[in-house]
Amino acid sequence: MAILPILHYPDPRLHKVAKPVQVVDDRIRQLVRDMAETMYDAPGVGLAATQVDVHERVVVIDVSEEGNQLLVLINPEITWKSEDCQVYEEGCLSVPGVYDKVERAARIHVRALNEQGEAFEFDADGLLAVCVQHELDHLLGKVFVEYLSPLKQNRIKTRIRKQERQAVKA
C-alpha cells in the first residue's frame, strides 16, 4: 500500500471529469487500498480518485468515529435526492485548513459497485449523505469551495498559494 499525493485547489486537474471504471480488477482494488490508506493518514473521512490524480469513478469514505467502516464506491451515482436540504460545515483534503457551510440534499439514495465489482444500493442521511455528495462532486470536477461566493473563492486560492509557497521555502 502507498500514501498517494493529494492535489490541492486550485490545481486544474481537480476539474477533470472522472471516467467510469470499465473492470473492477486488481489495479482498481490496489487503488482502493492506496486511497483508503491516504484518506486515513491525512486524516479525512472521504477521498475521490480525482483528488489523487486518477480520473476514474472511485471513492472511499469512512464517517465512523473509530475509522473502521470503510465504504468503497465504484461508479457511484445518486439515484434520488430529497427536496429538503441540510447545511454542514465542510472541509476537503484538497483544500487544507478551509471549512465553510454548504447546503446539500438531506437524504439520498446511492447505487455503486463494491471492490468485488458487485452492485449495491443504500440510503444515506446526515454526515454520510454530505460526504457522498461532496466526493461525487469531485468525480464531476467540482470542489466544494465552488459553492461559495467568488470573493471567498479568491481568498481561499490566495491562502492556499501562500501556504504552498511557505511550504516550499521550509
Side-chain angles (χ1 to χ4, degrees), residues 1-64 66-83 85 88 90-96 98 102-147 153 160:
M1 295 203 294
I3 305 282
L4 304 171
I6 297 172
L7 300 177
H8 288 158
Y9 179 80
D11 191 308
R13 293 172 290 179
L14 288 169
H15 297 292
K16 284 187 175 180
V17 175
K19 293 179 173 38
V21 171
Q22 297 302 314
V23 179
V24 179
D25 55 13
D26 288 341
R27 180 184 67 82
I28 294 296
R29 284 186 278 278
Q30 184 64 51
L31 174 63
V32 164
R33 287 190 296 274
D34 291 346
M35 286 175 59
E37 185 176 0
T38 302
M39 175 189 71
Y40 288 128
D41 181 69
V45 296
L47 187 67
T50 301
Q51 294 175 269
V52 293
D53 203 19
V54 176
H55 303 283
E56 294 182 86
R57 295 186 59 80
V58 178
V59 167
V60 294
I61 293 173
D62 189 341
V63 296
S64 68
E66 302 79 23
N68 62 357
Q69 296 175 24
L70 183 65
L71 177 62
V72 175
L73 305 175
I74 299 170
N75 294 340
E77 58 180 314
I78 296 171
T79 59
W80 175 83
K81 290 182 179 187
S82 65
E83 290 184 20
C85 294
Y88 259 83
E90 296 186 24
C92 181
L93 296 177
S94 290
V95 194
V98 174
V102 176
E103 183 177 77
R104 298 188 185 270
R107 296 180 318 283
I108 58 174
H109 185 81
V110 180
R111 181 182 322 149
L113 301 176
N114 65 18
E115 59 268 41
Q116 281 73 48
E118 302 160 338
F120 70 104
E121 298 185 29
F122 64 97
D123 293 314
D125 60 11
L127 180 57
L128 180 58
V130 169
C131 193
V132 169
Q133 291 172 84
H134 176 113
E135 299 308 331
L136 269 59
D137 273 355
H138 278 299
L139 300 180
L140 298 172
K142 188 169 186 175
V143 180
F144 92 97
V145 296
E146 292 169 39
Y147 287 98
Q153 289 180 45
I160 299 281

query: In chain order, what residues pass the side chain to side chain donor-acceptor pair (under 3.5 Å) check against Thr50, with sequence neighbours excluded?
result: none

- line: So CD of Gln133 and CD1 of Ile108: to nearest 0.5 Å the spacing works out to 4.5 Å

message: Counting C-beta onward and ignoring hydrogens, is there a side-chain heavy-atom pair between Gln51 and Cys92 closer than 4.5 Å?
response: yes

message: Among residues at least two apart in sequence or on other chains, which ones pass side chain to side chain donor-acceptor pair (under 3.5 Å) with Asp123?
response: His109

- prompt: Any salt bridge (charged side-chain N to carboxylate O under 4.0 Å, His left out) pairs touching residues 103-114, not counting sequence neighbours?
  reply: Glu77-Arg111, Asp84-Arg107, Glu90-Arg104, Arg104-Asp137, Arg111-Glu121

message: Could you work out, with side-chain contact (heavy atoms from CB on, under 4.5 Å) as the rule, every residue matching Ala112, not counting sequence neighbours?
response: Leu73, Pro76, Phe120

- request: Considering non-hydrogen atoms only, spot the tightest contact between Ala105 and Lys81 and give its length.
  value: CB-CB, 3.8 Å

Spatial distance of atom NE2 (His138) from atom CG (Leu93) [nearest 0.5 Å]: 8.0 Å

- line: Hits for salt bridge (charged side-chain N to carboxylate O under 4.0 Å, His left out) against Asp125, two or more places apart or cross-chain, chain-then-number order -> none

- request: Provide the full list of salt bridge (charged side-chain N to carboxylate O under 4.0 Å, His left out) pairs with a residue in residues 17-28, sequence neighbours left out, each pair given once.
  value: Asp26-Arg29, Arg27-Glu56

message: Within the structure provided, determine whether Leu140 and Arg57 are in side-chain contact (heavy-atom separation under 4.5 Å).
response: yes

task: Specify the closest pair of heavy atoms between Val23 and Ile28, including all atoms of both residues, with the distance to one decimal.
output: O-CG1, 3.6 Å

- request: State, to 0.1 Å, how close Cys131 and Val63 come at their nearest heavy-atom pair, and which atoms those are.
  value: CB-CG1, 4.2 Å

- prompt: To the nearest 0.5 Å, what is the distance between CG (Asp53) and CD1 (Ile6)?
  reply: 12.0 Å

query: If every non-hydrogen atom of Ala106 is compared with every non-hydrogen atom of Ser82, which pair is closest and at what distance?
result: N-OG, 3.3 Å

query: Heavy-atom distance under 4.5 Å between the side chains of Val21 and Leu113, does that happen here?
result: no

task: Decide yes or no for Leu70 and Val60: does some side-chain heavy atom of the first lie under 4.5 Å from some side-chain heavy atom of the second?
output: yes

- request: Mind checking side-chain contact (heavy atoms from CB on, under 4.5 Å) for Glu66 and listing every partner two or more places apart, or none if nothing turns up?
  value: Ser64, Asn68, Gln69

Would you tabulate the side-chain donor-acceptor contacts of residues 34-42 under 3.5 Å, counting partners in other chains and residues two or more places apart, or write 'none'?
residue	atom	partner	partner atom	Å
Asp34	OD1	Ala2	N	2.9
Asp34	OD1	Gln30	NE2	2.9
Glu37	OE1	Ala2	N	3.1
Thr38	OG1	Leu4	N	2.8
Thr38	OG1	Asp34	O	2.7
Tyr40	OH	Asp62	OD2	2.6

task: Please list, chain by chain and in numerical order, all residues satisfying ring pair (Phe, Tyr, Trp, His ring centres under 6.0 Å) with Phe144, sequence neighbours excluded.
output: His134

- prompt: Quick check: does any side chain N or O of Ser94 sit under 3.5 Å from a backbone N or O of Tyr9, one acting as donor and the other as acceptor?
  reply: no

query: Got a second to check how far Ile160's CD1 is from Asp11's CG, nearest 0.5 Å?
result: 11.5 Å

- line: Hits for side chain to side chain donor-acceptor pair (under 3.5 Å) against Glu118, two or more places apart or cross-chain, chain-then-number order -> Asn114

query: What pair of heavy atoms forms the shortest contact from Leu139 to Ala48, and how long is it?
result: CD2-CB, 4.0 Å

field: For the student: nearest non-hydrogen atoms of Val24 and Gln116, plus distance
entry: CG1-C, 4.3 Å

